[in-house]
Visitor: 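Just dropping this structure here.
The basis for the numbers below is simple: all heavy atoms, side chains too, and nothing from hydrogens, waters or symmetry mates. Atoms within a ligand are numbered from 1 in the order they appear, just like the ligands themselves.
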Amino acid sequence: MSNLTIAIDGPSGAGKSTSAQALARRLNLAHLDTGAMYRALAAALLKDGLDPSNEQVVLDNLAHYELTVEFAGPDQHTLVNGRDLSPDLYSSEVSRGASDVSRYSPVRAYLVNKQRELAESQSFILDGRDIGTVVLPQANIKFFLTASPETRARRRWTELQAKGEALSLEEVLADIEARDYQDSHRADSPLMCAEDAHVIDSSQLSFDQVLDRMLDLMKAQGLEVTA
Ligand code: DC
């Protein structure tokens, strides 16, 4: 077998990135946060004064944005036209913009192509919405990580508080529900659970417990988890 690929999909705030990072550290594998790629494109458009929810504007400008991903140890740097936008990706505005741009098929085709190229180059853990269904349907193991909207909103609200964004918990919950709806109802590659994915509901689990469950499922499937 060539490279090992591990797919982690699920809605926003389910803890995909945190679990993927922890799994990557434990197994000494690279981790690609594909959401950061949609976010970086949205952040670049916003910086240029362009509206990520305007399909025509996004498609007219897509060719002007060259997105690259670099890794420094466990840290992913997502660059657009050579500029590292990683520190600017987690505001509410960029979150909404990322969900907006992710609806457009040419944007998805551009980013999915890059994700597949990376996954061909070495073993990877990828997290996103469509990894197990579209990007790498042949992944060695697939996890679908979820949690109740209330749990996800509380986690996100805590993160935003730490960054000084003064949104109420109700506003964050409304935002999460709106993004869930948009991500699950878009025509191209909507968020959904692959038939052969292992579903893990993290509402009542600590991140260590999520990690242990993933490692147990990998072992049960005969995948090497001793790194
Ligand atoms: O995982 P995240 O919250 O950082 O993702 C940001 C947005 O990008 C999310 O609203 C949906 C979109 N996305 C996607 O459509 N496909 C992916 N593989 C990853 C993210």
Visitor: Just to be sure I read this right, does ligand 1 sit under 4.0 Å from the backbone of Q182, its side chain, both, or neither, counting only heavy atoms?
Guide: neither
Visitor: Can we say D188 and R103 salt-bridge, meaning some charged N sits less than 4.0 Å from an Asp/Glu carboxylate O?
Guide: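 No.
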Visitor: Ignoring hydrogens and geometry beyond distance, is a side-chain donor-acceptor pair present between D48 and Y65 at under 3.5 Å?
Guide: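 Yes, because at least one side-chain N or O of D48 sits under 3.5 Å from a partner of the opposite role on Y65.
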Visitor: Counting non-hydrogen protein atoms only, what is the nearest one to atom 16 (N) of ligand 1? Give residue, atom name and distance.
Guide: R108 NH2, 3.1 Å
Visitor: Looking at CD1 of I131 and CG of L136, how far apart are the two atoms once the value is rounded to the nearest 0.5 Å?
Guide: 6.5 Å
Visitor: Which atoms of ligand 1 have any heavy atom of S99 under 4.0 Å away?
Guide: 10 (O)
Visitor: Does a salt bridge link R156 with E159, judged by any charged N lying under 4.0 Å from a carboxylate O?
Guide: yes
Visitor: Tell me, which protein residue and heavy-atom name are nearest atom 4 (O) of ligand 1, and how many Å apart are they?
Guide: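 Among all protein heavy atoms, the one nearest atom 4 (O) of ligand 1 is R39 NE, 2.6 Å.
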Visitor: Is any NZ, NE, NH1 or NH2 atom of the basic residue among R129 and D183 found under 4.0 Å from an Asp or Glu carboxylate oxygen of the other?
Guide: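 Yes.
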Visitor: Are the charged groups of D88 and K47 less than 4.0 angstrom apart, N to O?
Guide: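 Between K47 and D88 there is a salt bridge, with a charged N closer than 4.0 Å to a carboxylate O.
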Visitor: So for ligand 1, is D183 a polar contact partner (N or O within less than 3.5 Å, distance only)?
Guide: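 Yes, there is a polar N/O contact under 3.5 Å.
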Visitor: What protein heavy atom sits nearest atom 1 (O) of ligand 1, and how far away is it?
Guide: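 Checked against all protein heavy atoms, atom 1 (O) of ligand 1 sits closest to R129 NH1, 2.8 Å.
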Visitor: Quick one: nearest non-hydrogen protein atom to atom 8 (O) of ligand 1, plus distance?
Guide: Y38 CB, 3.5 Å
Visitor: Would D33 count as being in polar contact with ligand 1, using the rule that some N or O on each side must be under 3.5 angstrom apart?
Guide: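 Not met; the criterion fails.
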Visitor: Are any side-chain N or O atoms of N81 and backbone N or O atoms of H64, one a donor and one an acceptor, separated by less than 3.5 Å?
Guide: yes
Visitor: Looking only at protein heavy atoms, which one is nearest to atom 18 (N) of ligand 1, and what is the separation?
Guide: D130 OD1, 2.8 Å
Visitor: At what distance is the nearest protein heavy atom to atom 19 (C) of ligand 1, and which residue and atom is it?
Guide: T34 OG1, 3.4 Å
Visitor: Counting only N and O atoms by type, is there a donor-acceptor contact under 3.5 Å from the side chain of Q76 to the main-chain atoms of V69?
Guide: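 No, the answer is negative, given that no donor and acceptor are paired below the 3.5 Å cut-off.
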Visitor: I'd like to know if Q115 contacts ligand 1, where contact means a heavy-atom distance under 4.0 Å to any ligand atom.
Guide: no
Visitor: Would you please say whether a donor-acceptor pair under 3.5 Å links the side chains of S86 and D84?
Guide: yes
Visitor: For ligand 1, indicate whether the residue R96 contacts it via side chain, backbone, both or neither (heavy-atom separation under 4.0 Å).
Guide: neither
Visitor: Which of the atoms of ligand 1 are close to A98, meaning less than 4.0 Å from one of its heavy atoms?
Guide: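 Going through ligand 1 atom by atom, the ones under 4.0 Å from A98 are 6 (C), 7 (C).
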